Engineer: 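Structure provided below as structure tokens; questions to follow.
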Amino acid sequence: MLTPNDLRRTDPPLQDPTIASTLRERIMGFRNTQLIAVAAKLNVAEYLIGGSKSAKQLSNLLHVDERSLYRLLRALSSLGIFEEKENEI
């Protein structure tokens, strides 16, 4: 049986760079999966087949909020899924 003393650590839990790095990767992995899922659900790639478009153009085509879509596209660009070109994706 565990006691409260068994659960105490002598060092701060996230001081170990390996633990902090692993935790960060797992959190970001979930985030990345969600970003891709939202883009797939909206069929964003389908609307980009003919060439790049601004977030405003895409938001009108997809009937979604422009600012939210822009944040999604920027996040996906940071993952290398899309490429941002002077206010266009």
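Reckoned from all heavy atoms, side chains included, excluding hydrogens, waters and symmetry mates. The structure presented is a predicted model; accordingly, all values stated were derived computationally and were not measured.
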Engineer: For the CD atom of Q57 and the OG atom of S52, what is their distance to the nearest 0.5 Å?
Structural biologist: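 It comes to 8.0 Å.
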Engineer: Among N32, I36, V44, which residue satisfies the side chain to side chain contact (heavy atoms under 4.5 Å, CB included) criterion with I81?
Structural biologist: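 With I81 as partner, side chain to side chain contact (heavy atoms under 4.5 Å, CB included) holds for just one option, I36.
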Engineer: From L62 CG over to K41 NZ, what is the distance, rounded to the nearest 0.5 angstrom?
Structural biologist: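 One finds 13.0 Å between CG of L62 and NZ of K41.
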Engineer: Who are the side chain to side chain contact (heavy atoms under 4.5 Å, CB included) partners of N60, not counting sequence neighbours?
Structural biologist: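 Result, side chain to side chain contact (heavy atoms under 4.5 Å, CB included) vs N60: K56.
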Engineer: Compare all side-chain heavy atoms of E84 with those of L73 and state whether any distance is below 4.5 angstrom.
Structural biologist: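 No; the side chains remain at least 4.5 Å from each other.
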Engineer: Please give me the minimum heavy-atom distance between A55 and L69, naming the atom from each residue.
Structural biologist: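 Heavy atoms only, the tightest pair is O-CD2, 3.7 Å.
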Engineer: Cluster question for you: counting only ILVMFWY and a side-chain heavy-atom cut-off of under 4.5 Å, with indirect links fine, are L35 and M28 together?
Structural biologist: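 They do not share one cluster, since no chain of ILVMFWY contacts under 4.5 Å joins L35 to M28.
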Engineer: D65: which residues meet the side-chain hydrogen bond (donor to acceptor under 3.5 Å, both in side chains) condition with it, sequence neighbours left out?
Structural biologist: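 Only S68 meet the side-chain hydrogen bond (donor to acceptor under 3.5 Å, both in side chains) criterion with D65.
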Engineer: Side chain to side chain contact (heavy atoms under 4.5 Å, CB included) with E25: which residues, sequence neighbours excluded?
Structural biologist: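 Applying side chain to side chain contact (heavy atoms under 4.5 Å, CB included) to E25 gives S21.
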Engineer: In chain order, what residues pass the side chain to side chain contact (heavy atoms under 4.5 Å, CB included) check against V38, with sequence neighbours excluded?
Structural biologist: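 Testing V38 for side chain to side chain contact (heavy atoms under 4.5 Å, CB included), a comparison that skips the adjacent residues, returns L42, L72.
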Engineer: Test of understanding: with side-chain hydrogen bond (donor to acceptor under 3.5 Å, both in side chains), list the residues that count as partners of Q34, not counting sequence neighbours.
Structural biologist: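 Residues passing side-chain hydrogen bond (donor to acceptor under 3.5 Å, both in side chains) with Q34: none at all.
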Engineer: OH of Y70 to OG of S59: how many Å apart, nearest 0.5 Å?
Structural biologist: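 Answer rounded to 0.5 Å: 13.0 Å.
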Engineer: Checking K53 side chain against L48 main chain: does a donor-acceptor pair fall under 3.5 Å?
Structural biologist: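 Here the side-chain-to-backbone pair does not exist.
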Engineer: Can you tell me how far apart CG (N43) and CG (L61) are? Round to the nearest 0.5 Å.
Structural biologist: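 Between N43 CG and L61 CG, I get 12.0 Å after rounding to 0.5 Å.
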